Amino acid sequence: MDQLPDDVLAMVMSHLDVADVFACRLVCKRLSGVALHPDVWRHRYAVQSDNDCVCPVLRLAPCLSRLTLFFDSSGSQSHPPLNKCAVRKLMIWVDAAGGREAAQVIRQQRALGRLRAVGLECSEGRRSRLAMAVLFQTLASTSGLEELTVSGNAGARRSRLRGIVASSLKRFSCCITRETKNFRDYIVARHASTLEDVEFELDPDYRCPTAPSLVRRLAGMPNLRRLSCPVIPGLEFMAASSSLRELKLVMNPSRATCGNVCGAMDLLERAVHLRSIHLFVEEDETYYYEVIVFFVSLASSGRSQVESLTVELEGGPGSLCAPAVQLQLLRALPSLPALRRLNVNVPTEELLLGITPASAPSLRSLQLVEHGNFELTQWMCPNAMMHSNKVREFLSRNPLLHVELRCGLCYSCEPCCTSECSYSSSADNCDKGKPYVCIGLLAHPIDECPSPQDHATDVQWFHINDMNPQIASVLFNF
């Protein structure tokens, strides 16, 4: 071991548990020094908890990849000085009046010069609005950050933010509330030249509309590639953003005004540079006209270059608007000539019947996802679908398509136990106790796939000829 250089020993020690690293410090003087080498700690993370105190790690480790801390006014959590351990990503949970203490930790990490990401989660409880304002001011004046996330009910006092920082943020996520308005406007304005990914969530208790000026600033960002937001005023301005490639719209029919919906429609119709669209409907509403018109706008331009489309209804197949949404989706497919990937959580037999090489010539991946809020039926059970003649016929009509089933096994059908079935002979896939599986079906030879990039690595793939279809009519009544 004396012939091994320190960097090699540090690489070996980086794979040891923290307790073993501390034990190595007691072996000899050389290992005691190597145990404090940055390479031993730079990929580790630590989480503060009542059962596992991170104080020894924070006192000895020169750096960490991620650190999670909890701040509250009860004083139940003790925090050692963080002026020696340089953290790259800091996760902070703030309850009540812990804002000042959290701000002090951020300032200490800022002085060490390694902090690149901060996640702030504000939990419910009595809090000092002034303390939270101090925390927001500290975040706004911290330079060198690349990722910033603020979620929860951040009850900060609305105050003017001060300080000038160089633009560095690449990803920004923030909840839209009355208290965070000045903060998010400041961040968007200061980091406009570097932001690539912006995500806004709407507080359920916040009914006031967001000013269109925020969207105008987003539209002027030169590097913005992804935007996730509710249907807020001014979305029509985003059609002028030539860099935007991914868009997620969160639709809440009970809070979407006519003007907001028209702006979103205009964006979907004019933004021919979009490559990925995710439509998420939050509530199950009887008045679902606003949801349907999105598909009409998406298909009306005739110049769509969308390659990936995700349609997600919070109510799943039981949603009142599910039949109409599925119908409009099938009508829109022929107007999406570049669509390669379709992800839906409202799969039905009608959907499979409507997808053909003529209606979706470029489609190569169909992902059927189980929704967590409805009881699983035989239609979404992988065991049932893989033995269904209708699924086999669907893949025969679409030989280049890859079908992914991301769902669990239902409790109303019997597992296949025939020896001819490759699915049932694979490890534990027919076990009813398995809550969730990822299964892939295709009709072309797996080793001769024309688009191997569509083979998801977390999916177990099967060829339709490996299935036994005779069990379908007996067990599943397909």
Side-chain angles (χ1 to χ4, degrees), residues 228 246-251 253 268 274-285 288 290-299 304 306-357 359-382 384-386 388 390-391 394-395 397-398 400-408 410 436-442 454 456 458-459:
S228 174
E246 301 179 31
L247 174 67
K248 178 180 179 180
L249 290 179
V250 179
M251 180 67 184
L268 293 176
L274 287 175
R275 297 296 182 268
S276 176
I277 294 180
H278 185 166
L279 300 179
F280 178 79
V281 184
E282 270 191 342
E283 293 182 356
D284 182 11
E285 292 287 331
Y288 49 78
E290 295 89 347
V291 182
I292 298 176
V293 296
F294 282 177
F295 293 100
V296 178
S297 302
L298 182 61
S304 173
V306 172
E307 299 176 358
S308 176
L309 175 62
T310 299
V311 181
E312 186 177 1
L313 303 184
E314 190 175 37
S319 173
L320 295 177
C321 63
V325 167
Q326 179 180 262
L327 177 61
Q328 293 300 324
L329 172 60
L330 291 175
R331 290 179 177 177
L333 285 180
S335 301
L336 305 174
L339 187 65
R340 290 186 56 88
R341 185 174 182 84
L342 177 62
N343 184 313
V344 294
N345 75 328
V346 286
T348 63
E349 296 182 42
E350 289 75 13
L351 179 65
L352 293 191
L353 291 175
I355 296 178
T356 65
S359 63
S362 299
L363 190 64
R364 295 295 179 267
S365 177
L366 174 63
Q367 189 175 95
L368 307 179
V369 182
E370 173 192 352
H371 191 275
N373 292 342
F374 75 95
E375 183 179 356
L376 189 66
T377 62
Q378 290 181 355
W379 169 248
M380 278 295 292
C381 177
M385 291 189 68
M386 293 179 68
S388 168
K390 293 185 178 181
V391 176
F394 169 73
L395 286 171
R397 294 194 308 269
N398 300 271
L400 300 181
L401 192 60
H402 305 75
V403 179
E404 298 178 25
L405 310 178
R406 297 179 179 269
C407 46
C410 72
Y436 197 87
V437 293
C438 300
I439 301 297
L441 302 176
L442 42 78
D454 294 313
D458 61 337
V459 173

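The figures here come from the full heavy-atom set of this structure, side chains too, leaving out hydrogens, waters and symmetry mates. Predicted model only: the values in this text are computed from it and were never measured.
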Closest heavy-atom contact between [X] and [Y]?
X	Y	value
Asn345	Glu312	OD1-CA, 3.4 Å
Ser362	Ala338	CB-C, 4.1 Å
Asp454	Arg364	OD2-CB, 3.2 Å
Asn398	Ile355	ND2-O, 3.3 Å
Ser304	Ser335	CB-O, 4.1 Å

What's the spacing between [X] [atom1] and [Y] [atom2] if we round to 0.5 Å?
X	Y	atom1	atom2	value
Leu366	Leu405	CG	CG	8.5 Å
Leu330	Leu353	CG	CG	9.5 Å
Leu441	Leu368	CG	CG	9.0 Å
Arg340	Leu400	CZ	CG	9.5 Å
Leu329	Arg331	CG	CZ	11.5 Å
Leu247	Leu268	CG	CG	6.5 Å

Not counting sequence neighbours, which residues clear side chain to side chain contact (heavy atoms under 4.5 Å, CB included) with [X]? List them please.
X	value
Asn343	Thr310, Gln367, Val369
Ser308	Ser276, Arg341
Val459	Glu404, Arg406, Cys438, Ala456, Trp461

(request) Could you walk me through whether Leu336 and Leu363 pass side-chain contact (heavy atoms from CB on, under 4.5 Å), step by step? (result) CA-CA 10 Å; Leu336 305 174; Leu363 190 64; over 6 Å; no
